[in-house]
2 protein chains.
Amino acid sequence: MPTGDHEQPSVRSGPPRPTLKTIAEMSGLAVATVSRALADDPKIAEATRKRVAEIARLIGYEPDRAARRLRTGRTMVINLILDPHFEVLGFGNALLVGLTGALEGTGYNLVVTPHFTEEDVLPPIRRIVTNRQADGLIFTRTAPFDERVRFLMEQGFPFVCHGRTEFTEPHPWVDHDNEAFAYAAAGRLVAQGCQRICALLPPESLTFRQHLRYGLMRAVRETGVEFHIPDEVTLDSPMDRIQAWAQAIATTPDSPDGFICGGEASWLAIRNGYRAAGQGARFRAVAKSISGILSQIDAGAEVIHEDIEEAGRLLGDHLLRRIAEPHLPPPQTLQAPVIQFRD
Amino acid sequence: MPTGDHEQPSVRSGPPRPTLKTIAEMSGLAVATVSRALADDPKIAEATRKRVAEIARLIGYEPDRAARRLRTGRTMVINLILDPHFEVLGFGNALLVGLTGALEGTGYNLVVTPHFTEEDVLPPIRRIVTNRQADGLIFTRTAPFDERVRFLMEQGFPFVCHGRTEFTEPHPWVDHDNEAFAYAAAGRLVAQGCQRICALLPPESLTFRQHLRYGLMRAVRETGVEFHIPDEVTLDSPMDRIQAWAQAIATTPDSPDGFICGGEASWLAIRNGYRAAGQGARFRAVAKSISGILSQIDAGAEVIHEDIEEAGRLLGDHLLRRIAEPHLPPPQTLQAPVIQFRD
DNA sequence: ACCGAAGATTAAAACGATTCAAATTCCGCG
DNA sequence: CGCGGAATTTGAATCGTTTTAATCTTCGGT
């Protein structure tokens with residue numbers, strides 16, 4: 001009991017955080033005035049605004065988010081819902097980078113809610129909306145009649161999704177032009193002499209399966225090439241299942257001689273399957289590239305790039321615009337594939 | 001102007017969110033009583049507590065986070081700072097999965113703050129601490145005398161970092177036993193007949209560079225094998241630079257015949273460099289595996305696995321414990337490498 | 001019947017910001 | 001000299017919760 005330093009209820013103490021009251025006392029103004037001055041309210045004299053701003057800067061004042069939120073109902077939070085399981089390699093990261101860029105300097109915070117699609121997709125969103133946990137929502141893996149979109153439109157809650165729906169009512173989205181991707185991929189394979197093209201697509205539950213299919217079908221119509229769409233496996237299947245399937249199919253009489261891979265993992269799995277079947281040399285494919293790793297794995301890999309970082313930026317921009325001006329028509333952007341064939 | 005439904009200032013309306021007041025009115029109790037009842041305060045009669053809980057459940061009451069936070073100062077937020085640029089493939093995702101698991105059902109929310117290490121690492125942390133944006137902090141890429149650690153210890157702010165420091169004062173951390181990793185990797189290479197081992201390490205600024213080096217040196221002492229640690233490239237170098245370096249080194253007289261790769265990307269880059277130099281057959285390496293992709297790329301790849309998902313879980317657990325019981329000695333965990341050599 | 005002590009409930013004051021309505025100051029002009 | 005109104009500033013209420021310090025009941029004991 002020498003130096004009685006037992007007076008620390010919470011460890012962290014230090015000087016108390018400056019509040020409006022602090023500034024009010026320092027400047028001799030009322031709290032209300034300070035508040036308006038910082039908001040650059042023209043009803044406050046120019047000189048006062050300057051003085052207040054100066055003091056605020058000096059003592060490093062930052063408004064308390066909780067207080068502001070309680071009063072105004074605005075959270076200054078954008079919520080991104082991500083599925084760390086299903087998202088392809090690097091997808092989440094790239095999206096984060098883009099989004100961060102878009103939100104930079106806007107005062108908006110990014111909250112990432114991981115959610116595993118195996119579980120119901122609606123509850124976490126319902127929680128965020130009814131509990132006012134965020135001012136806007138971003139999610140991926142959109143379905144043709146996505147219940148999240150329906151719910152959020154009903155609630156009038158700002159959101160942007162990655163991927164389109166088939167609802168008639170327009171809503172904000174950012175999507176990759178998967179129709180163009182599949183068309184270009186198929187065209188490339190045909191040009192290389194492929195006779196029978198196999199496309200590995202996402203499950204029925206995702207809208208972009210149809211887009212890919214349309215693109216493929218357009219190429220099929222124009223070139224008359226044979227095609228196949230397996231229903232044993234999808235882009236969401238675990239890699240070992242895809243590989244096993246590919247291995248099995250590789251030696252059948254009508255085995256495909258060209259693949260359209262909707263993702264990098266599936267390219268790898270199919271390649272491995274063909275190799276395991278001793279048909280490695282016959283493996284030919286065009287894949288959608290996200291992280292760019294395929295070209296590292298196999299310098300000869302043919303890929304079409306989807307710019308996810310840009311998608312993140314667009315999602316952020318669209319959402320901010322949506323929050324600021326809800327009455328405007330919903331912003332929608334279709335991203336063109338970046339074709340990177342070696343010629 | 002038939003049905004005058006022009007009374008919707010904000011688009012979103014619906015029934016007002018239930019608050020303590022709602023329950024108070026329904027039950028005829030005072031707000032204070034309801035608050036205590038929900039907190040299971042023994043000063044409130046058992047019967048009352050039951051009744052209040054029932055009503056709350058019925059109307060789906062959820063306490064307002066902002067209000068609670070304003071009053072108590074607790075944010076119920078854990079902040080994870082991630083660098084989406086430098087983090088190796090799948091690292092961020094795996095960490096998220098683990099962390100989410102640890103936080104599940106605790107009432108804590110996870111906020112991910114992306115931060116690019118090119119910029120100063122301290123400001124975002126300072127903001128979070130002084131602005132009380134979170135109750136606890138998790139970050140990665142720890143330095144020997146990490147300024148973030150120093151700052152957070154000074155402030156008495158709860159945190160756990162991924163990686164250790166060289167400070168004498170103990171603090172919470174979770175780390176992979178990189179010494180053991182490097183030792184095992186070197187041993188494996190020597191057993192396979194390698195004469196000159198090259199280890200690609202992280203930059204000086206990261207603590208685990210030393211750990212890896214120690215492991216390597218221990219193996220060197222025990223076996224007498226030659227070794228080399230390049231200083232032109234590190235694990236953080238862009239892949240093409242690593243590849244160019246590897247290509248150059250591949251044909252020198254004393255070129256290494258075995259590599260220890262601290263990450264998956266570097267394995268790939270060095271492999272490509274050797275291939276480009278026409279020395280593909282001479283490439284032999286043991287790599288640290290995170291996502292497990294290397295075994296997919298090359299079935300023969302030798303890897304030692306680091307379980308990042310588990311690391312995320314541990315980080316979460318440790319942080320929660322740290323927040324709840326700051327007086328206990330700081331929780332620290334060293335994760336053992338998972339050796340997966342084919343025998 | 002009254003005292004006092006539990007036992008149960010509640011009024012009221014925070015937390016820090018915004019905002020409506022009201023008050024104050026300042027001018028120019030009749 | 002005083003009045004009207006514009007220009008500024010401010011008091012007070014509010015958001016939903018927690019918590020301190022009462023207040024109100026009840027009841028056993030004498």
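Order of the sequence lines sets the chain letters (A, B, ...), proteins ahead of strands, with each chain counted from 1. Scope of the values below: all heavy atoms of this structure, side chains included, with no hydrogens, waters or symmetry mates. None of these values were measured; they are calculated from a predicted model.
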Engineer: Quick one: B:Met76 CE to D:dT17 C1', roughly how many Å, whole number?
Structural biologist: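 So the two atoms are 14 Å apart, to the nearest Å.
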Engineer: May I have the distance from A:Leu70 (atom CG) to C:dA14 (atom P), rounded to whole angstrom?
Structural biologist: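 The distance from CG of A:Leu70 to P of C:dA14 comes to 17 Å, rounded to the nearest Å.
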Engineer: Measure from CG on B:Asn131 to C1' on C:dA17 and round the result to the nearest Å.
Structural biologist: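 Result: 13 Å.
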Engineer: Can you measure B:Arg69 atom CZ to C:dA17 atom C1' for me and round it to whole angstrom units?
Structural biologist: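 In whole Å, C:dA17 C1' and B:Arg69 CZ are 13 Å from each other.
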Engineer: With a 4.0 Å cut-off on heavy atoms, is A:Ala67 in touch with a base, just the backbone sugar-phosphate, or nothing at all?
Structural biologist: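 Since a base atom lies under 4.0 Å of A:Ala67, the category is base.
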Engineer: For the atom pair CD1 (A:Ile23) and CD (A:Glu25), what is the distance rounded to the nearest 0.5 Å?
Structural biologist: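 The distance works out to 11.0 Å.
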Engineer: Ignoring hydrogens and angles, state whether a donor on the side chain of A:Thr333 or A:His318 is under 3.5 Å from an acceptor on the partner side chain.
Structural biologist: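 Side chains of A:Thr333 and A:His318: pair found under 3.5 Å.
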Engineer: For the pair made of CZ in A:Arg17 and C1' in C:dA17, what is the distance, rounded to whole Å?
Structural biologist: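 Value for this atom pair: 11 Å.
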Engineer: Kindly indicate whether the side chain of A:Val160, heavy atoms from C-beta on, has any atom under 4.5 Å from the side chain of A:Val174.
Structural biologist: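 Yes, their side chains come closer than 4.5 Å.
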Engineer: Kindly confirm or rule out a cation-pi arrangement of B:Arg150 over B:Phe145, judged by NZ or CZ under 6.0 Å from the six-membered ring centre and within 45° of its axis?
Structural biologist: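 Because its charged atom misses either the 6.0 Å distance or the 45° angle limit, B:Arg150 does not stack over B:Phe145.
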Engineer: Can we say A:Arg49 and A:Asp40 salt-bridge, meaning some charged N sits less than 4.0 Å from an Asp/Glu carboxylate O?
Structural biologist: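 Looking at A:Asp40 together with A:Arg49, the answer is yes, because their closest N to O distance falls below 4.0 Å.
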Engineer: Determine whether the side chains of B:Asp135 and B:Thr75 contain a donor N or O and an acceptor N or O closer than 3.5 Å.
Structural biologist: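 Distance-only check passes for B:Asp135 and B:Thr75.
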Engineer: Measuring from A:Asp175:CG to A:Thr142:OG1, what's the distance to the nearest 0.5 Å?
Structural biologist: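 A:Asp175 atom CG to A:Thr142 atom OG1 measures 7.5 Å (nearest 0.5 Å).
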Engineer: Using a 4.0 Å cut-off on protein heavy atoms (strictly under), produce a 5'-to-3' string for nucleotides 19-28 of chain C with B for base contact, S for backbone-only sugar-phosphate contact, and - for none.
Structural biologist: BBB-------
Engineer: Could you tell me if B:Arg148 sits above the aromatic ring of B:Phe159, with its cationic atom closer than 6.0 Å to the ring centre and no more than 45 degrees from the axis?
Structural biologist: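 Ring-cation test returns no.
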Engineer: Once you round it to whole Å, what is the distance between C1' of C:dG16 and CZ of B:Arg68?
Structural biologist: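 Distance check: B:Arg68 CZ to C:dG16 C1' gives 18 Å.
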Engineer: Take the C1' atoms of the five end pairs on each side of the helix from C:dA1-D:dT30 to C:dG30-D:dC1, derive the two axes, and give their angle rounded to 10 degrees.
Structural biologist: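 Comparing the axis at each end, I get an angle of 80°.
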Engineer: Which of residues 39-65 of chain A sit near DNA chain D, with a heavy atom under 4.0 Å from it?
Structural biologist: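 Residues of residues 39-65 of chain A that come under 4.0 Å of DNA chain D are, in numerical order, A:Lys43, A:Ile44, A:Ala45, A:Thr48.
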Engineer: With the threshold set at 4.0 Å, does a side-chain nitrogen-carboxylate oxygen contact exist between A:Glu54 and A:Arg51?
Structural biologist: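 No salt bridge links A:Glu54 with A:Arg51.
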Engineer: Report yes or no: do A:Thr165 and A:Asp146 form a side-chain donor-acceptor pair below 3.5 Å?
Structural biologist: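 No, because no side-chain N or O of A:Thr165 sits under 3.5 Å from a partner of the opposite role on A:Asp146.
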Engineer: Is there side-chain contact between A:Arg69 and A:Arg74, with heavy atoms separated by less than 4.5 Å?
Structural biologist: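 In short, these two side chains do not touch, never coming nearer than 4.5 Å.
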Engineer: In whole Å, what is the span from the CG atom of B:Leu38 to the P atom of D:dT19?
Structural biologist: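 Computing the B:Leu38:CG to D:dT19:P distance gives 13 Å.
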Engineer: Rounding to a whole Å, what distance do you find between B:Leu20:CG and C:dT9:C1'?
Structural biologist: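 Atom CG in B:Leu20 sits about 15 Å away from atom C1' in C:dT9.
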